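So the structure is just underneath, and the comments pick up after that.
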Amino acid sequence: MRAEPGKHGSDFRRRRKLTDIQKALSKDPPDVSTLRRMAISEGGLLSDEIRCQVWPRLLNVNTDELPPPPGPELRVNNKDYEQVLLDVRRSLRRFPPGMPLKEREDLQEQLIDIILQVLARNSQLHYYQGYHDIVVTFLLVVGGPLATLLVDKLSTHHLRDFMDPSMDNTKHILNYLMPIIELVNPVLHDFMQRAEVGTIFALSWLITWFGHVLSDFRHVVRLYDFFLACHPLMPIYFAAVIVLHREEEVLECDCDMASVHHLLSQIPQDLPYETLISRAGDLFVQFPPSELSREAAQQHQAERTAVSTFKDFELASTQQRPDMVLRRRFRDSVRPEHAAKSILTKPRTNRLVKLAVMGLTVALGAAALAVVKSALEWAPKFELQIFP
């Protein structure tokens with residue numbers, strides 16, 4: 001019996017991707033540019049076994065020395081323990097259905113310890129509700145000891161703004177959402193502005209990397225492949241494409257805050273994830289954070305935002321720059337015959353005025369100053385102080 005042509009082609013692409021990933025991992029040093037491309041491209045990293053090898057490379061984490069299990073003293077008089085315990089106990093839906101009770105309880109104990117270990121190592125970090133949704137994803141994919149290393153790096157870089165004493169920096173990151181929507185779909189943007197819905201509906205999406213709102217673990221880890229391979233602000237671009245994808249539903253709503261907020265806060269589970277991932281990457285290239293933050297900053301020069309530091313994120317070589325991977329991919333996908341259908345749908349001459357009217361407070365923007373010398377070009381020893 002002959003295999004279906006589509007299935008044969010899919011199997012071939014999968015085998016080729018596996019070969020490309022293994023080749024990239026076997027190089028000395030590993031070819032992180034190729035690994036980023038594999039994580040971004042359709043299907044992501046394919047399996048948790050591969051993620052165990054590639055995620056540390058994407059975060060530039062040395063896996064030679066895994067941390068030892070913590071002792072009981074970690075929980076004694078720990079100011080965060082009670083809140084972490086409550087959140088972990090409520091996290092049953094994040095574990096695979098049908099998992100034996102004993103196994104799940106053991107994993108919940110590991111989850112508590114990973115969170116407390118990272119916080120103990122980094123006294124500047126503050127626990128927030130939703131953090132455990134990110135940590136449990138790493139625990140389920142790579143296991144406790146390696147998860148501790150990866151979450152430690154992630155918490156001091158990608159998630160740093162969410163872990164300040166206040167939510168000010170998180171709000172600043174959310175402020176990127178509406179400008180992206182405005183640039184792509186001004187009609188949708190204006191409708192949402194009239195409804196005064198704000199951006200709070202996307203808060204749980206952002207601070208959990210969608211882990212809290214998606215029920216299918218396959219979709220969660222696919223997004224983590226994408227986010228780990230890209231700039232730390234990519235989750236807000238993905239949030240924007242979800243809203244843009246639901247344009248018809250939103251415009252059919254009553255134009256009031258309660259109706260629009262209710263609709264958007266209930267995220268569909270059957271989203272076309274690969275299409276949305278592709279579109280988010282394209283939007284990032286067309287409208288990089290550097291442009292959005294710079295234009296907002298011109299209207300708010302007197303305002304200084306808090307600190308978000310991607311400090312000494314030692315990406316081993318300039319080949320690891322995630323923005324370059326996306327730019328190459330975008331150039332390849334846009335052909336002359338399709339140029340007229342570019343995502344950019346609105347002239348940009350009015351953007352400064354529009355952003356000023358919106359009252360954005362991104363100033364130098366979380367993760368943004370993403371640009372000190374076009375800082376999206378993540379160089380070795382990359383040091384980015386955005387909220388000095």
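Keep in mind that the numbers below use all heavy atoms, side chains included, and drop hydrogens, waters and symmetry copies. These figures come from a predicted structure and were not determined experimentally.
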R279 vs D282, salt bridge (Lys or Arg N to Asp or Glu O under 4.0 Å): CA-CA, chis, key distance, verdict: CA-CA 5 Å; R279 195 177 188 199; D282 292 344; over 6 Å; no
salt_bridge(K102, D106) N-O dist < 4.0 Å: yes
Side-chain donor-acceptor pair present, W209, D133, cut-off under 3.5 Å: no
Parallel, tilted or perpendicular: ring planes of F162 versus Y128, cut at 30 and 60 degrees: perpendicular
Residues D256, R194: salt bridge by 4.0 Å N-O rule: no
Ion pair R222/E42, N-O distance below 4.0 Å: no
Side chain T208, main chain H212, donor-acceptor under 3.5 Å: yes
Parallel, tilted or perpendicular: rings of F138 and Y224 (30°, 60°): tilted
Ion pair check, D31 and K23, cut-off under 4.0 Å: no
F210 ring center within less than 6.0 Å of F238 ring center: yes
Distance-only polar pair, side chains of D216 and Q269, donor-acceptor under 3.5 Å: no
Sidechain N-carboxylate O distance under 4.0 Å for K17, D20: no
Donor + acceptor pair across side chains of D87, Q83 (<3.5 Å): yes
